[in-house]
Trainee: 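Quick one: the structure is below, questions incoming.
Remember, predicted model here, so these are calculated numbers, not experimental data.
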Amino acid sequence: MRDFVFKFLSKIISTKRFQSIGYLPRWIIFAIDVFIVLMACVITQIIVYSLNVKLYTTISPVSQYGIVIFINALSFRVFKTYSGIIRHSTFIDGVKLLVATTSSYLTLMVFNFGSHLVIKDRLLLSTGLFITYVISFLLLFLFRILVKNIFETYLQVTDTNQLLKAVIYGADANAISVANALKTEKPARFNVVAFVNKFQHDKTSKSILNLPIINQTKGIHVILKSVNAEALIIAEKSLTKEETIKLVEECLEYNFKVFTVPLITDWEDQNQISNQLKNFAIEDLLDRKPIVLDNNKISDQIKGKRVMITGGAGSIGSEIVRQVLKFNPYKIIILDQAESPLHSLHLEISELSGKVKIRTVLADIRDYSALELVFDKYKPDFVYHAAAYKHVPLMEENPPQAIYTNVLGTKNLADLSNKYLVEKFVLISTDKAVNPSSVMGASKRIAEKYVQSLNYHLINSKKKHTTKFITTRFGNVLGSNGSIVPLFTKQIQEGGPITITHPEIIRYFMTIPEACQLVLEAGAMGNGGEIYIFDMGEPVKILDLAKKMIRLAGFIPDKEIQIKIIGLRPGEKLFEELLNDTSKTLPTHNTKIMIAQDSWDDFEEVKESIIELAAIAKKYSSLDVVAQMKKIVPEFKSMNSEYQTLDID
């Protein structure tokens with residue numbers, strides 16, 4: 001009989017009309033619960049009056065059970081037993097039902113004995129109250145179990161061939177919760193076929209939710225193939241970063257999809273588990289040790305000070321703003337010429353700033369007069385200079401603009417920092433300034449030369465209060481504006497192809513937060529004149545990076561997403577360097593930061609050569625501009641560029 005009812009209800013629910021039903025409104029669940037209590041009252045009435053016993057006089061059965069239903073309904077409202085989704089009922093919902101029905105029973109018993117004390121008569125039948133309490137709880141509980149089982153069975157009967165077969169890595173409470181949620185989710189996306197346990201290696205067969213637990217004695221790709229799975233969901237939170245990276249890369253190598261899921265307590269929506277499952281980002285696969293900062297030293301210098309960040313609306317500048325904000329400066333001056341990004345950042349930071357004053361300044365670093373008004377008004381104690389033109393091919397086509405922004409803009413800021421007694425000026429440079437092969441790299445190297453030579457010029461002048469000029473130099477930053485990661489992401493979303501300039505090209509990478517944390521650390525430890533270079537980890541082959549990104553997106557490289565080699569761009573190298581051939585490094589207390597031992601030039605010579613360069617740039621003669629840049633930076637050798645003719649002796 002039970003199997004017949006179960007199959008009958010399952011058949012009803014599987015019809016198209018019921019497939020379109022979402023979650024029932026709470027008032028319907030509340031009405032069903034009240035009706036169940038009514039049914040319990042009817043059953044109690046039949047049971048009580050079928051007993052061959054003498055009952056004491058009470059009010060009419062209709063009045064009795066009217067009171068019972070009212071008190072139970074009130075209890076349902078108080079404990080909100082109807083607020084959960086029936087098909088997702090858990091142990092907690094059962095406890096709430098027990099508490100609600102028990103509270104109703106105790107309330108009715110108190111009411112009954114109270115009436116006996118006041119009017120010397122019991123209005124309700126105590127035996128009937130107990131029977132109603134037991135029956136109503138059992139019926140309410142069984143109703144939820146029945147609905148839950150029917151929906152689970154129906155969802156399992158759904159065409160699982162259309163679902164993504166997945167294995168959950170982990171066998172703890174979090175993994176079980178993930179599996180339960182995926183089974184009951186509608187519309188279904190995953191068909192969980194097994195669990196993997198990395199801790200147990202015995203041969204005993206075990207299962208959870210009627211799914212096998214496979215002990216990891218082999219590679220994860222072997223296990224996935226053995227159960228015909230297509231994806232791995234990592235729910236095990238005890239894995240180290242190295243173990244996680246190894247798992248992910250093994251899955252990607254064999255074209256398996258891989259997802260991660262937070263702890264169930266951190267889920268944003270308890271009923272939509274698919275929204276919690278996240279693809280790994282390429283940043284997650286950088287095998288890098290966490291950065292340990294000397295927060296006390298940074299805080300001692302920045303706390304209560306006025307800090308200016310140029311290029312503050314850019315990807316690097318905006319992250320420096322967020323990082324600086326944590327050290328409670330008195331005021332942050334965010335300077336940029338990009339109106340919309342600057343406004344967006346202001347809206348974001350204003351909500352987080354607390355007592356820190358935020359000022360957004362729309363200005364161009366090439367305009368000395370406008371900059372001087374800013375320095376005179378805000379009198380910054382620290383300047384982090386992130387504003388620059390960074391796109392190599394674009395600067396190769398527009399050398400005068402590279403000079404105006406990267407060279408003269410830096411000179412303007414450095415001169416004003418010295419004039420207005422800024423404590424420290426931190427220039428954010430690039431590894432492309434080392435043995436530059438492009439106009440962009442050479443312009444940043446000239447900027448380095450100016451601030452470094454100015455620093456030693458001021459030291460030799462023996463003034464009491466001089467600005468300390470510090471340079472930080474690092475490679476490519478994942479996710480920054482114009483970097484290859486957003487470009488590859490866009491190309492993948494459009495169905496490909498991904499374009500790579502050369503199959504052997506390699507680059508150093510770090511994340512935006514990493515780079516900005518090290519900038520603050522270097523700025524705090526600098527005494528002036530240093531060029532700090534960062535430990536960028538192992539170089540990454542761009543072709544391998546592209547393949548990983550394609551696999552992370554769930555596609556197969558060169559099959560579903562093509563990779564196209566387009567040739568090196570003007571000014572582009574196969575690999576970048578962090579030091580030139582004559583430089584050496586000194587260690588610092590932070591193993592990720594080193595000081596480049598580099599010679600510096602005479603300040604007056606650098607200054608005069610830059611003035612001459614600016615005069616040439618005004619004539620907009622690209623060849624003449626680049627020729628002058630090569631005089632200032634003798635190691636500047638153009639590559640894949642029309643300016644290679646200038647390198648012929």
Trainee: Who passes ring-ring contact (aromatic ring centres under 6.0 Å, His included) against Tyr389, sequence neighbours left out?
Mentor: none

Trainee: Decide yes or no for Val626 and Leu646: does some side-chain heavy atom of the first lie under 4.5 Å from some side-chain heavy atom of the second?
Mentor: yes

Trainee: Would Val248 and Ile234 count as a side chain to side chain contact (heavy atoms under 4.5 Å, CB included) if you check the C-alpha gap in whole Å, the side-chain angles of each, and the deciding distance to 0.1 Å?
Mentor: CA-CA 9 Å; Val248 174; Ile234 300 177; 4.2 Å; yes

Trainee: Would you say that Ile563 contacts Asp558 through its side chain, given a criterion of any heavy-atom pair below 4.5 Å between the two side chains?
Mentor: yes

Trainee: Quick one, Thr430 and Lys390 - any side-chain contact, counting heavy atoms below 4.5 Å?
Mentor: no

Trainee: Are Lys490 and Glu494 ion-paired here, with the side-chain N under 4.0 Å from a carboxylate O?
Mentor: yes

Trainee: Nearest 0.5 Å, what's the CG-OG1 distance between Leu342 and Thr360?
Mentor: 5.0 Å

Trainee: Go through Gln301 and Lys424 one step at a time and tell me if the side chain to side chain donor-acceptor pair (under 3.5 Å) criterion holds.
Mentor: CA-CA 10 Å; Gln301 293 202 22; Lys424 286 188 178 180; 3.1 Å; yes

Trainee: Could you tell me which non-hydrogen atom of Ser443 sits nearest to which non-hydrogen atom of Met440, and how far apart they are?
Mentor: OG-O, 2.6 Å

Trainee: Checking Tyr620 now: which residues fulfil ring-ring contact (aromatic ring centres under 6.0 Å, His included) with it, not counting sequence neighbours?
Mentor: none

Trainee: Using a 4.5 Å cut-off on heavy atoms from C-beta on, say whether the side chain of Cys251 contacts that of Leu247.
Mentor: no

Trainee: What residues form a side-chain contact (heavy atoms from CB on, under 4.5 Å) with Lys379, not counting sequence neighbours?
Mentor: Arg306, Asp376

Trainee: Give a yes or no on whether the backbone of Leu252 and the side-chain of Arg551 come within a donor-acceptor separation of less than 3.5 Å.
Mentor: yes

Trainee: Where do Ile498 and Ile492 come nearest, in terms of heavy atoms and distance?
Mentor: CD1-CG1, 3.7 Å

Trainee: Is it the case that the side chain of Thr405 and the backbone of Ala388 share a donor-acceptor pair, with hydrogens and angles ignored and the cut-off at 3.5 Å?
Mentor: no

Trainee: Verify side chain to side chain donor-acceptor pair (under 3.5 Å) between Ser641 and Glu396, making sure each step is shown before the conclusion.
Mentor: CA-CA 8 Å; Ser641 171; Glu396 208 69 14; 2.9 Å; yes

Trainee: Can any side-chain N or O of Thr471 pair as donor or acceptor with the backbone N or O of Leu427 at less than 3.5 Å?
Mentor: no

Trainee: Go through the structure and list residues passing ring-ring contact (aromatic ring centres under 6.0 Å, His included) with His502, not counting sequence neighbours.
Mentor: none

Trainee: Any chance you could measure Ser417, atom OG, to Met308, atom CE, to the nearest 0.5 Å?
Mentor: 7.5 Å

Trainee: Please determine if Lys630 forms a cation-pi arrangement with Phe636, meaning its NZ or CZ atom is less than 6.0 Å from the six-membered ring centre and no more than 45° off the ring axis.
Mentor: yes

Trainee: Evaluate Lys631 against Glu612 for salt bridge (Lys or Arg N to Asp or Glu O under 4.0 Å), listing each step before the verdict.
Mentor: CA-CA 11 Å; Lys631 290 180 182 178; Glu612 184 179 349; 5.2 Å; no

Trainee: Testing Val383, Thr466, Asp381 one by one against Val422 for a side chain to side chain contact (heavy atoms under 4.5 Å, CB included), which residue passes?
Mentor: Val383

Trainee: Could you walk me through whether Ile316 and Tyr384 pass the side chain to side chain contact (heavy atoms under 4.5 Å, CB included) check?
Mentor: CA-CA 11 Å; Ile316 299 296; Tyr384 292 93; over 6 Å; no

Trainee: Would you find a donor on one side and an acceptor on the other, under 3.5 Å apart, between the side chain of Lys444 and the backbone of Ile428?
Mentor: yes

Trainee: Could you pull out the closest heavy-atom pair between Val356 and Asn328, with the gap in Å?
Mentor: CG2-CA, 4.2 Å

Trainee: Looking at Asp367, is its backbone amide N or carbonyl O close enough to the side chain of Asp364 to form a donor-acceptor pair, meaning the two atoms are under 3.5 Å apart?
Mentor: no

Trainee: So, using salt bridge (charged side-chain N to carboxylate O under 4.0 Å, His left out) as the criterion, who are the partners of Glu253 when residues are at least two apart?
Mentor: none

Trainee: List in chain and number order the residues that pass ring-ring contact (aromatic ring centres under 6.0 Å, His included) with Phe425, two or more places apart in sequence or in another chain; answer none if no residue qualifies.
Mentor: His385, Phe469

Trainee: Within the side chain of Thr310, is there an N or O that forms a donor-acceptor pair under 3.5 Å with the backbone of Ala387?
Mentor: yes

Trainee: When rounded to the nearest 0.5 angstrom, what is the spacing between CG in Leu335 and CZ in Phe375?
Mentor: 8.5 Å

Trainee: Check this for me: does any side-chain nitrogen of one of Lys411 and Asp415 sit under 4.0 Å from a carboxylate oxygen of the other?
Mentor: yes

Trainee: Determine, step by step, whether Val519 and Tyr532 satisfy the side chain to side chain contact (heavy atoms under 4.5 Å, CB included) criterion, reporting the C-alpha distance in whole Å, the side-chain angles of both residues, the deciding distance to 0.1 Å, and the verdict.
Mentor: CA-CA 9 Å; Val519 165; Tyr532 287 101; over 6 Å; no

Trainee: With a 4.5 Å limit on heavy-atom distance, are the side chains of Pro380 and Tyr420 in contact?
Mentor: no

Trainee: To the closest 0.5 Å, what do you measure between NE2 (His457) and CG (Asn418)?
Mentor: 8.0 Å

Trainee: Using salt bridge (charged side-chain N to carboxylate O under 4.0 Å, His left out) as the criterion, list what pairs up with Glu243, not counting sequence neighbours.
Mentor: Lys198

Trainee: State, yes or no, whether a side-chain contact exists between Ile533 and Thr472 at a heavy-atom distance under 4.5 Å.
Mentor: no

Trainee: Tell me, please, which residues at least two apart from Lys541 pass salt bridge (charged side-chain N to carboxylate O under 4.0 Å, His left out).
Mentor: Glu504

Trainee: Does anything in residues 613-627 form a salt bridge (Lys or Arg N to Asp or Glu O under 4.0 Å)? List the pairs, not counting sequence neighbours.
Mentor: none

Trainee: What do the steps show when you test Ile334 against Arg359 for side chain to side chain contact (heavy atoms under 4.5 Å, CB included), and what is the final call?
Mentor: CA-CA 6 Å; Ile334 309 172; Arg359 298 291 182 268; over 6 Å; no

Trainee: Does Ala627 offer a backbone N or O that forms a donor-acceptor pair with the side chain of Tyr643 under 3.5 Å?
Mentor: no

Trainee: Are Leu458 and Leu454 side-chain neighbours, meaning at least one heavy-atom pair lies under 4.5 Å?
Mentor: yes

Trainee: Mind checking what makes side-chain contact (heavy atoms from CB on, under 4.5 Å) contact with Glu608, not counting sequence neighbours?
Mentor: Ile611

Trainee: Any side-chain donor paired with an acceptor under 3.5 Å for Gln644 and Ser638?
Mentor: no

Trainee: Mind checking what makes side-chain contact (heavy atoms from CB on, under 4.5 Å) contact with Ile459, not counting sequence neighbours?
Mentor: Asn455, Tyr456

Trainee: Can a donor-acceptor pair be found, under 3.5 Å and without considering hydrogens, that links the side chain of Ser350 to the backbone of Leu347?
Mentor: no

Trainee: So, does Glu372 use its side chain to make a donor-acceptor pair with the main chain of Ala370 at under 3.5 Å?
Mentor: no

Trainee: May I have all residue pairs that pass salt bridge (Lys or Arg N to Asp or Glu O under 4.0 Å) and include part of residues 313-341, sequence neighbours excluded?
Mentor: Glu319-Arg322, Arg322-Glu348

Trainee: Could you check whether any side-chain N or O of Gln491 sits under 3.5 Å from a backbone N or O of Thr499, counting only pairs where one atom can act as donor and the other as acceptor?
Mentor: yes

Trainee: Taking side chain as C-beta onward, heavy atoms only, is Val625 less than 4.5 Å from Leu613?
Mentor: yes

Trainee: Would one find more than 12 heavy atoms of other residues, nucleotides or ligands at under 6.0 Å from atom NZ of Lys246?
Mentor: no

